[in-house]
Amino acid sequence: MASVRRLDGARQRAEEPALPAPEREPEWWRDAVFYEVYVRSFADSDGDGIGDLPGITSKLDYLVGLGIDAIWLTPFYPSPGHDHGYDVADYVDVDPLFGTLADFDDLIAAAHERDVRVIVDIVPNHTSSEHEWFKGDRSRYVTRPAENGLPNNWPSNWGGPAWTLDEERGEYYLHLFAPEQPDLDWHNEQVRDDFEEILRFWLDRGVDGFRIDVSHGLVKQKDLRDEPEPFPLLRFSSDWRTAIDQPEVHDVYRDWHRIAGEYDGDRVLVGEVVFSDQTRVAPYLRPDELQLAFNFSLVFQDWNAEAIRRSIDESLAALPIVTWVFENHDVTRIVTRFGPREARAAALLVLALPGPVFVYQGQELGLEEVDLPDEVRQDPVFAQTRGERKGRDGCRVPIPWARTLPERSWLPQPADWSARSVEAQTGDPGSMLELYRRAIELRPGGGFAWRDSAPGVLAFERDELTCVVNFSADAVPVEHVVLASDDVTGVLPPNTAAWVR
Ligand code: GLC
């Protein structure tokens with residue numbers, strides 16, 4: 001069981017005679033398989049069509065069976081839900097839609113009993129416009145008097161200006177995302193103090209760490225200088241923004257690192273640092289800052305051997321530890337990006353790489369991006385870009401548990417998801433679910449080294465296994481196969497992968 005006791009008495013220990021440092025076990029997160037639970041769409045315990053905390057607790061045994069080490073819960077805090085929880089109105093409570101604090105405590109206890117760690121999402125860049133701080137004097141936000149006009153040319157990541165004029169108050173406020181998500185002013189000491197308290201609130205409740213939303217964005221450039229134009233159309237990555245990634249943000253993470261370190265159990269801070277150039281992510285992973293940061297480089301790659309090899313090489317060279325990701329609740333699912341066969345091969349690729357891996361709920365079921373009708377779309381990206389960008393609802397459709405799909409679901413599930421359900425795939429050796437289970441079970445450890453391979457084929461060694469991925473149009477010979485993404489007899493067909501000994 002994960003230990004959640006709070007350490008104290010550091011001063012007392014300093015007076016004791018120095019003992020040789022005991023050998024330290026490597027931190028649990030170094031090679032963990034994390035599973036992202038998008039709370040709204042995971043498991044619905046009360047039949048309202050929306051996932052909830054008791055639903056997650058009821059599915060922990062499924063997650064244990066899958067073999068994962070930890071779950072990341074997306075925001076479940078009280079929120080008007082403009083960005084489905086990434087607009088937090090109260091950082092230290094549970095939205096009634098998802099349950100209660102008691103449900104949260106039950107979930108943590110049940111997870112820890114099963115040796116599953118739990119990290120929670122923290123959203124420090126912005127609050128909801130319904131937060132008391134915003135309804136109050138707004139001293140914690142980035143605001144500017146209206147009389148001087150628009151404060152600068154900064155655009156919102158989702159289209160339109162990043163400033164909204166509040167006529168009643170006679171001031172503009174900043175929002176890098178939706179107008180309902182006003183940005184906090186991290187140059188303000190009060191904001192830092194508030195978040196330290198929020199972190200402690202959840203650490204005291206036993207969370208094993210935090211996933212930090214928009215980690216690189218918190219501190220804005222102080223003099224609000226214009227950003228260079230023209231702005232690129234594709235805005236998922238923050239490469240082009242000069243308003244963020246400010247040096248002071250690192251002071252915040254040094255403080256948070258210290259706070260997490262006051263607790264036992266190797267609590268972990270995982271940053272969402274969205275740059276394609278991994279050398280810009282590296283400073284966030286200095287030894288006294290975040291322990292992990294998502295590597296989004298793979299998310300931007302096509303199914304192409306050279307591109308993927310370059311991405312892996314650049315990431316391994318730039319970062320002390322690489323946190324591999326192919327999917328999350330913001331990007332198109334890999335079955336749709338790469339193809340169904342390729343997605344199976346991608347599973348063996350990502351689970352053979354050295355370091356922690358994040359798997360997004362439904363990735364293990366091989367779910368595709370759902371092409372939803374416009375009228376059911378809820379992502380603010382869709383509305384804010386007037387439909388120019390379809391948004392992220394297609395990867396957020398509730399996952400199917402049983403062959404009989406539920407009557408209510410906040411986004412409609414395709415009828416053929418009955419055959420993709422956990423019930424339908426369990427025990428079927430050809431299913432994506434059983435492939436993930438086996439791969440997580442057999443996941444190799446140890447060092448990493450490329451092996452020579454034919455053009456269009458990637459092969460790399462870990463201690464006890466070699467992972468071979470065939471991106472080319474020709475079959476390549478393989479032997480001593482331990483696990484394969486498709487039927488393999490003597491040759492690895494195009495767009496398949498195998499682990500061989
Ligand atoms: C992060 C989240 C995304 C959210 C945005 C604003 O990128 O992953 O879902 O919309 O931040 O909070």
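Whatever order the structure lists them in is the order used to number ligands and atoms, beginning at 1. Computed from a predicted structure; not experimentally measured.
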Atom indices of ligand 1 within 4.0 angstrom of Arg392 heavy atoms, with elements | 3 (C), 4 (C), 9 (O), 10 (O)
Judged by non-hydrogen atoms, does Arg396 sit under 4.0 Å from ligand 1?
-> yes
Out of Ile212, Asp83, Asp379, Val123, indicate the one that has the non-hydrogen atom closest to atom 4 (C) of ligand 1.
-> Asp83
For Arg211, is the nearest heavy atom under 4.0 Å from an atom of ligand 1?
-> yes
Check if Trp158 has a non-hydrogen atom at a distance under 4.0 Å from any atom of ligand 1.
-> yes
Which atoms of ligand 1 have any heavy atom of Val214 under 4.0 Å away?
-> 11 (O)
Between the side chains of Asp245 and Tyr284, is a donor N or O closer than 3.5 angstrom to an acceptor N or O?
-> yes
Decide whether Trp28 and Asp69 meet the rule of one side-chain donor and one side-chain acceptor closer than 3.5 Å.
-> no
If only atom types and distance count, is the side chain of Gln413 paired as donor or acceptor with the main-chain N or O of Leu405 below 3.5 Å?
-> no
Ring-face cation of Arg144 near Tyr172 (centre distance under 6.0 Å, axis angle within 45°) = no
Compute whether any side-chain donor of one residue and acceptor of the other, for Thr57 and Asp106, lie under 3.5 angstrom apart.
-> no
Consider only side-chain N and O atoms of His329 and Glu36, and report whether a donor and an acceptor are under 3.5 Å apart.
-> yes
Quick one: does His126 get a heavy atom under 4.0 Å from ligand 1?
-> yes
Answer side chain, backbone, both or neither: which part of His84 comes under 4.0 Å from ligand 1, heavy atoms only.
-> neither
